[in-house]
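Notes to accompany the following structure.
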Amino acid sequence: MRGGRVRTNDLLVQAPALYHAPISPTVPTASAVATFFVAECDHDMPGLSIPRPEIQLVVRFGPSARGGLDVHAMGVRQKVHRKLIRSGQRAVTARLHLGASEAVLGVRASALAGRIVALEDLWGDAATRRLLDRLAGARDSIDAAALLESVITERVAIAGGRHPGAQLALDAADRVLRRKVNAVAVELGVSERHLRRVLREHVGVSPKAFARLVRFHRALGAARAERHASWAGIAAASGYYDQAHLIADFRAIAGMTPQALLGQLRVSPLLG
DNA sequence: AGGACCGTCAAAAGCAGTAT
DNA sequence: ATACTGCTTTTGACGGTCCT
């Protein structure tokens, strides 16, 4: 890994700040892209893919990609994945705003949950070919990210406004992090059942699973930012009942204890 | 499309404990 | 003190189904 880089809207920062990039929910801008993650690797190594609550559009350049360049959509996953990154591989990942999946990809988040889908299966061959041709001419990863953003913005403009359900999901997402689902439903003037249906459709996971992913990211981010903080303190600050429950979540999502995951992240690069 | 009802069961809460 | 495990009880999230 030659210094992974993160693009947070117009701001470029270095990899350690990854978890300071907004984890959904975020306020949508003109673009449907919440953040970009740009990674480059100069030798073979195992990498870790931390699950995120956003739909991601990934452009790969290099030996792992079909024909040296491919694009795929990655739905919301709930477990850490491990993968070998090949020398010379580059990846540009656009993380979409919550509820933007339908406008950008033509399918709702629920259709992508836990899946990786080639872009041609969503956009068709012609539109994908046009994007790949433009990306092939990109000077570097940052240029490719800018290109990708402009193409996404064009598609959102063509798709028109946000689906009402997507807007409801966005409104609810922030609230379910702090309150019970039925309380949020009352607040937003819909039934609890409807709110859960809409969240699953437009976010890709259940309200609880979404809140769990965000909480996990907060805890991991805090642990990476403050190396000497106690796990009990991190658990409390991140919304866990206590340290025991934080550890249980790390085991469920990452398959290892918090300490072990931090250790892994020191030797394996993040893949988005 | 969205509300109401309901049974099931997973997650959260709470606590006690061990290893270092 | 910290990091972690394991257990029981309680709560509420979930999804199926039916109805408007």
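Throughout, protein chains are lettered first and strands after them, A, B, ... in sequence-line order, and every chain is numbered starting at 1.
Between the side chain of A:D242 and the main chain of A:H245, a donor-acceptor pair closer than 3.5 Å is present.
Which of B:dG3, C:dG6, C:dC4 sits closest to the side chain of A:A244 comes down to C:dG6.
Among the atoms of the strands shown, only primed sugar atoms or phosphate atoms (P, OP1, OP2) are found under 4.0 Å from some heavy atom of A:Q259.
For the pair A:L57/A:L105, a side-chain contact is recorded, criterion being any heavy-atom separation below 4.5 Å from C-beta on.
In this entry the distance linking CG of A:D242 with C1' of B:dA12 reads 10 Å, nearest Å. One can place NE2 of A:H202 at 10 Å from P of B:dA1, the figure rounded to the nearest angstrom. As rounded to whole Å, 10 Å separates atom C1' of B:dA10 from atom CZ of A:R212. In this entry the distance linking CD of A:Q243 with C1' of B:dA12 reads 17 Å, nearest Å. Look at CG on A:L188: it is 12 Å from P on B:dG3, rounded to the nearest Å. The nearest whole Å value for the distance from the CZ atom in A:F250 to the C1' atom in C:dA3 is 13 Å. Taking atom CG on A:D249 and atom P on C:dG6, their separation rounds to 16 Å, with Å as the unit. Between the P atom of B:dG14 and the OH atom of A:Y240 lies a distance of 17 Å, rounded to the nearest Å.
Taking CG of A:L131 as the start and CG of A:L147 as the end, the distance is 8.0 Å to the nearest 0.5 Å. Distance CE/A:M74 to CG/A:L96: 11.0 Å, rounded to 0.5 Å. Atom CD of A:E187 sits about 11.0 Å away from atom CG of A:N182, to the nearest 0.5 Å.
One N or O donor and one acceptor, one from the side chain of A:H245 and one from the base of B:dA13, sit under 3.5 Å apart.
Relative orientation of the A:F250 and A:W231 rings is perpendicular, given thresholds of 30° and 60° on the angle between their planes.
Put simply, A:S191 has no side-chain N or O that comes within less than 4.0 Å of OP1 or OP2 on B:dG2.
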Output one letter per nucleotide in nucleotides 11-17 of chain C: B when a protein non-hydrogen atom lies under 4.0 Å from the base, S when only the sugar-phosphate is that close, - when neither is. -SSBBBB

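A salt bridge between A:R66 and A:E120 is present, with a side-chain N of the basic residue lying under 4.0 Å from a carboxylate O of the acidic one.
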